[in-house]
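Letters A, B, ... are given to chains in the order of the sequence lines, protein chains preceding strands, and every chain is numbered from 1.
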Amino acid sequence: MSGRSTYYVTTPIYYVNDVPHIGHAYTTLACDVLARFMRLDGRDVHFLTGTDEHGQKVEKAAAAAGLAPQAFTDKVSQSFRDLVKTMNYSPDNFIRTTEPRHHAASQALWERLVTSGDIYLGKYAGWYSVRDEAYFVEGETEVGTDGKRRAVSSGAEVEWVEEPSYFFKLSAWADRLLDFYDKNPRFIAPESRRNEVISFVKGGLQDLSVSRTSFSWGVPVPGDAKHIMYVWLDALTNYITECGYPDTSNPLWKYWPADLHMVGKDIIRFHCVFWPAFLMSAGVAPPQRVFAHGWWTNEGQKISKSLGNVIDPVELVATYGLDPVRYFLLREVPFGNDGDLQRRALIGRLNGDLANAYGNLCQRVLSIVAKSAGGKVPAKGAIGEADTTLLDRGKGLLATVRTELNEQAFHRALTAIWEVIADANRYVDAQAPWALAKTDPARRDTVLWVLAETIRRVTLLVQPFMPDAAVKILDQLAVPATERAFAGFDKELVSGTALPAPQGVFPRFVEPAQDAKRGAAS
RNA sequence: GGCUGGGUAGCUCAGCUGGUUAGAGCACGGCACUCAUAAUGCCGGGGUCGGCGGUUCAAGUCCGCCCCCAGCUACCA
């Protein structure tokens with residue numbers, strides 16, 4: 001036996017020229033839920049996130065700040081490590097492209113590409129803006145009435161510049177990529193993105209410039225130190241750096257190929273076209289799947305720094321609480337679609353799904369147990385049809401959630417869990433344990449046991465989404481820490497186990513009064 | 001322009017290979033209950049399923065045309 005099956009999930013490495021925003025938080029959250037679920041499900045998980053710290057922008061920003069690039073990135077990348085704590089992520093490692101092992105891995109990969117004959121020296125040419133210190137493609141420029149060509153974004157004059165550059169023969173890989181997509185239908189998700197990528201590749205591929213000489217903050221090209229490896233070749237390599245590349249005897253190499261690269265929809269091409277081409281050229285297996293999720297808007301408005309409506313995950317968590325934010329982000333929108341972050345909707349989910357449906361279910365059941373059933377797991381008596389129906393719904397949930405998360409369908413997984421919560425609330429009303437207390441205490445206890453047991457199962461599955469809240473509820477059910485993994489899913493609550501006093505887990509969110517707001521403003 | 005995916009109750013969306021009176025959640029209205037976080041449950045109003053035409057015994061579900069929305073159409077992390 002080879003032991004537990006591995007599960008390797010990655011976030012993109014985040015570029016350190018920016019502070020973390022909701023987009024970063026969202027991507028990593030999705031990975032975190034998967035990592036936590038897979039661990040509970042007995043998989044041997046490796047969950048990687050990190051920062052991309054090279055490039056001209058970083059070099060310039062460091063200079064502007066009067067710092068050496070390394071000191072600068074040490075400082076800026078910290079905000080991403082802080083977000084890990086704020087959002088309660090559970091990565092197994094936080095990788096940085098400035099690590100020596102990453103330079104070694106990137107250079108090793110480069111050398112393999114050279115050996116494969118896919119690297120050649122040529123010239124990179126484009127419209128260059130001295131003021132912006134950046135290249136623009138033709139479409140990003142326009143010729144003004146004075147006959148001078150300028151960058152559309154900055155208005156700066158551009159000139160045609162050529163610099164020596166190494167190229168990767170991407171043009172030779174189109175057919176092999178299409179063949180790869182064809183044989184691996186799960187490689188790109190969601191489906192609409194898959195179509196886009198395939199049509200892009202079918203349109204023909206150009207060779208890719210993979211080195212620059214215009215700056216020096218990066219990984220030197222082996223054998224030609226004037227050149228720095230360009231952005232994506234360096235950045236993408238992090239996924240195998242982590243596993244020890246090129247040392248395939250590294251213990252972490254068992255995780256490659258990755259089960260899932262989670263990415264935002266803007267960087268799908270790099271992950272679905274360039275990356276598998278690099279890897280195949282180097283004789284390394286491509287990842288198994290890339291999922292491109294959507295973007296958030298803020299109250300219907302596109303998010304942009306210039307509009308000043310960037311969503312700060314730290315503020316969201318401070319206002320609404322961590323677990324409600326985690327829940328909302330993955331429940332509100334079909335994963336893969338764009339979503340709109342509306343405070344009203346968030347509060348609706350918090351009060352409706354969490355406080356009213358789930359929290360109140362726990363509270364109404366546990367308070368009866370505490371007040372009139374002895375404060376212990378109630379005695380399980382004869383189980384009837386209605387009991388079996390509810391219990392079976394809870395039992396079936398694990399398989400359902402497993403299936404949905406295998407497709408990264410977080411919203412459907414949560415919907416399925418909440419359907420059982422709704423069933424449980426209906427069952428409480430139908431069985432009316434408060435009435436049974438007078439007529440049939442034994443039956444009352446059985447009803448309470450069925451409910452507690454259902455809450456246990458539901459909560460085990462809530463753990464990956466809302467770890468803190470789940471702990472509180474499982475504690476109130478006295479579920480041993482050793483029985484919270486899914487191996488213990490069918491280990492029922494034992495009647496007679498002493499329970500702690502119940503306490504609410506999801507308080508309702510009450511909006512500050514409008515009058516108070518106006519009063520404060522005026 | 002081309003390609004792809006969409007346009008279904010006030011809002012967000014389900015509706016597999018065509019087949020009984022088109023569904024869910026939220027919101028709204030009424031009722032019930034009182035264990036519970038003024039929570040929960042039940043009932044109800046509300047949709048010419050983007051438009052026009054066609055195929056079929058039968059179309060939201062297939063075909064054609066048109067209108068509208070979004071994404072992609074390469075080197076920006």
Side-chain angles (χ1 to χ4, degrees), chain A residues 12-18 51-58 124 126 132 134-137 139-140 153 165 167-168 170 190-210 212 230-235 264-270 273-274 292 294-295 331-334 336-340 342 344-345 348-349 351-373 411-412 415 418-419 421-422 424-437 444 447-448 451 502-510:
Chain A
I13 46 175
Y14 303 117
Y15 203 55
V16 294
N17 69 336
D18 199 3
T51 41
D52 178 10
E53 308 187 359
H54 290 140
Q56 190 170 28
K57 283 185 188 171
V58 171
Y124 180 77
D132 298 328
Y135 279 95
F136 295 93
V137 293
E140 293 173 325
S153 58
S165 168
F167 281 80
F168 175 77
L170 187 65
E191 202 56 31
S192 53
R193 300 298 166 192
R194 178 180 163 78
N195 294 339
E196 284 181 10
V197 169
I198 289 174
S199 84
F200 172 77
V201 174
K202 276 185 177 165
L205 296 172
Q206 300 171 17
D207 290 349
L208 205 59
S209 168
V210 289
R212 286 295 149 80
Y230 191 52
V231 285
W232 285 100
L233 182 52
D234 163 12
K265 62 183 184 181
D266 57 330
I267 56 176
I268 191 168
R269 179 173 308 146
F270 303 100
V273 181
F274 304 167
W295 292 134
R331 172 62 185 84
E332 182 69 3
V333 175
N337 292 3
D338 286 347
D340 186 31
Q342 295 182 282
R344 291 175 298 285
R349 291 288 181 195
N351 289 342
D353 296 0
L354 300 182
N356 295 352
Y358 184 31
N360 184 55
L361 171 68
C362 297
Q363 190 71 6
R364 65 195 304 209
V365 170
L366 291 172
S367 76
I368 300 176
V369 170
K371 287 179 189 166
S372 57
H411 62 295
R412 288 209 300 262
T415 300
W418 257 257
E419 278 172 8
I421 289 170
N425 270 319
R426 270 188 285 275
Y427 173 90
V428 179
D429 281 16
Q431 300 299 322
W434 52 90
L436 289 170
R444 189 273 316 267
V447 165
L448 292 175
L451 285 163
Q503 53 177 311
V505 173
F506 296 108
R508 291 178 61 82
F509 180 85
V510 182

*Decide if the gap between the ring center of W232(A) and the ring center of F274(A) is smaller than 6.0 angstrom.*
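Aromatic pair excluded; centres sit 6.0 Å or further apart.
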Taking any heavy-atom pair under 4.0 Å as a contact, classify [X]: base, sugar-phosphate, or nothing.
X	answer
D340(A)	nothing
D207(A)	base
L205(A)	base
G336(A)	nothing

Roughly how far apart, to the nearest Å, are [N] and [M] at atom [atom1]?
N	M	atom1	result
G5(B)	C43(B)	P	39 Å
C16(B)	C52(B)	C1'	28 Å
G1(B)	C66(B)	P	11 Å
G10(B)	G51(B)	P	14 Å
G41(B)	U61(B)	C1'	35 Å
G29(B)	C13(B)	C1'	23 Å
G44(B)	G2(B)	C1'	50 Å
U40(B)	A77(B)	C1'	49 Å

*Under a 4.0 Å heavy-atom cut-off, which of residues 190-198 of chain A touch RNA chain B?*
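Within this stretch, R193(A), N195(A), E196(A) sit under 4.0 Å of the strand.
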Partner lookup for [N], please. Criteria are Watson-Crick or G-U wobble with both distances under 3.5 angstrom; report none if nothing qualifies.
N	answer
G1(B)	U73(B)
G64(B)	C52(B)
G44(B)	C28(B)

*Look at the side chain of W434(A) and decide which nucleotide, out of A77(B), U34(B), G71(B), has an atom nearest to it.*
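Within the option list, the nearest is U34(B).
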*Short side-chain N/O contact to G25(B) OP1/OP2 from W418(A), under 4.0 Å*: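 For G25(B), neither OP1 nor OP2 has a side-chain N or O of W418(A) closer than 4.0 Å.
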Rounded distance in Å - [atom1] ([X]) to [atom2] ([N]):
X	N	atom1	atom2	answer
R412(A)	G15(B)	CZ	C1'	13 Å
K265(A)	G5(B)	NZ	P	17 Å
E332(A)	G25(B)	CD	P	16 Å
D52(A)	A77(B)	CG	P	9 Å
K202(A)	U73(B)	NZ	P	17 Å
R349(A)	G25(B)	CZ	C1'	7 Å
N337(A)	C13(B)	CG	P	7 Å
Q206(A)	A74(B)	CD	C1'	7 Å

Rounded to the nearest 0.5 Å, what separation is found between the [atom1] atom of [X] and the [atom2] atom of [Y]?
X	Y	atom1	atom2	answer
L205(A)	L170(A)	CG	CG	4.5 Å
Q503(A)	L366(A)	CD	CG	10.5 Å
S209(A)	Y124(A)	OG	OH	6.0 Å

Under a 4.5 Å cut-off applied to non-hydrogen side-chain atoms, are [X] and [Y] in contact?
X	Y	value
C362(A)	V505(A)	no
L233(A)	F168(A)	no
I421(A)	W418(A)	yes

*Identified side chain to side chain donor-acceptor pair (under 3.5 Å) partner of E332(A) from the options H411(A), Q342(A), R349(A)*: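 The side chain to side chain donor-acceptor pair (under 3.5 Å) with E332(A) is passed solely by R349(A) among H411(A), Q342(A), R349(A).
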Could you list, one pair per line, each protein nitrogen or oxygen that sits under 3.5 Å from a nitrogen or oxygen of nucleotides 36-44 of chain B, together with the distance?
{"unit_1": "A36(B)", "atom_1": "OP1", "unit_2": "K371(A)", "atom_2": "NZ", "d": "2.8"}
{"unit_1": "A36(B)", "atom_1": "O2'", "unit_2": "N360(A)", "atom_2": "OD1", "d": "2.4"}
{"unit_1": "A36(B)", "atom_1": "N1", "unit_2": "R364(A)", "atom_2": "NH2", "d": "3.4"}
{"unit_1": "A36(B)", "atom_1": "N3", "unit_2": "N360(A)", "atom_2": "ND2", "d": "3.2"}
{"unit_1": "A36(B)", "atom_1": "N3", "unit_2": "R364(A)", "atom_2": "NE", "d": "3.2"}
{"unit_1": "U37(B)", "atom_1": "O2", "unit_2": "F506(A)", "atom_2": "O", "d": "3.3"}
{"unit_1": "U37(B)", "atom_1": "N3", "unit_2": "F506(A)", "atom_2": "O", "d": "2.7"}
{"unit_1": "U37(B)", "atom_1": "O4", "unit_2": "G359(A)", "atom_2": "O", "d": "3.3"}
{"unit_1": "U37(B)", "atom_1": "O4", "unit_2": "F506(A)", "atom_2": "N", "d": "3.4"}
{"unit_1": "A39(B)", "atom_1": "OP1", "unit_2": "R508(A)", "atom_2": "NH2", "d": "3.4"}
{"unit_1": "A39(B)", "atom_1": "O2'", "unit_2": "N356(A)", "atom_2": "O", "d": "3.3"}
{"unit_1": "A39(B)", "atom_1": "O2'", "unit_2": "N360(A)", "atom_2": "OD1", "d": "3.4"}
{"unit_1": "A39(B)", "atom_1": "O2'", "unit_2": "N360(A)", "atom_2": "ND2", "d": "2.4"}
{"unit_1": "U40(B)", "atom_1": "O2'", "unit_2": "R364(A)", "atom_2": "NH1", "d": "3.2"}
{"unit_1": "U40(B)", "atom_1": "O2'", "unit_2": "D429(A)", "atom_2": "OD1", "d": "3.3"}
{"unit_1": "U40(B)", "atom_1": "O2'", "unit_2": "D429(A)", "atom_2": "OD2", "d": "3.2"}
{"unit_1": "U40(B)", "atom_1": "O2", "unit_2": "D429(A)", "atom_2": "OD2", "d": "3.2"}
{"unit_1": "G41(B)", "atom_1": "O4'", "unit_2": "D429(A)", "atom_2": "OD2", "d": "2.4"}

Would you confirm whether [X], through its side chain, and [Y], through its main-chain N or O, come within 3.5 Å as a donor-acceptor pair?
X	Y	answer
N351(A)	F509(A)	yes
Y15(A)	H54(A)	yes
D338(A)	W295(A)	yes

*Using heavy atoms to find the nearest nucleotide of RNA chain B for P433(A) and Q342(A) separately, return the residue whose nucleotide is more 5′.*
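Its nearest nucleotide lies further toward 5', so the answer is Q342(A).
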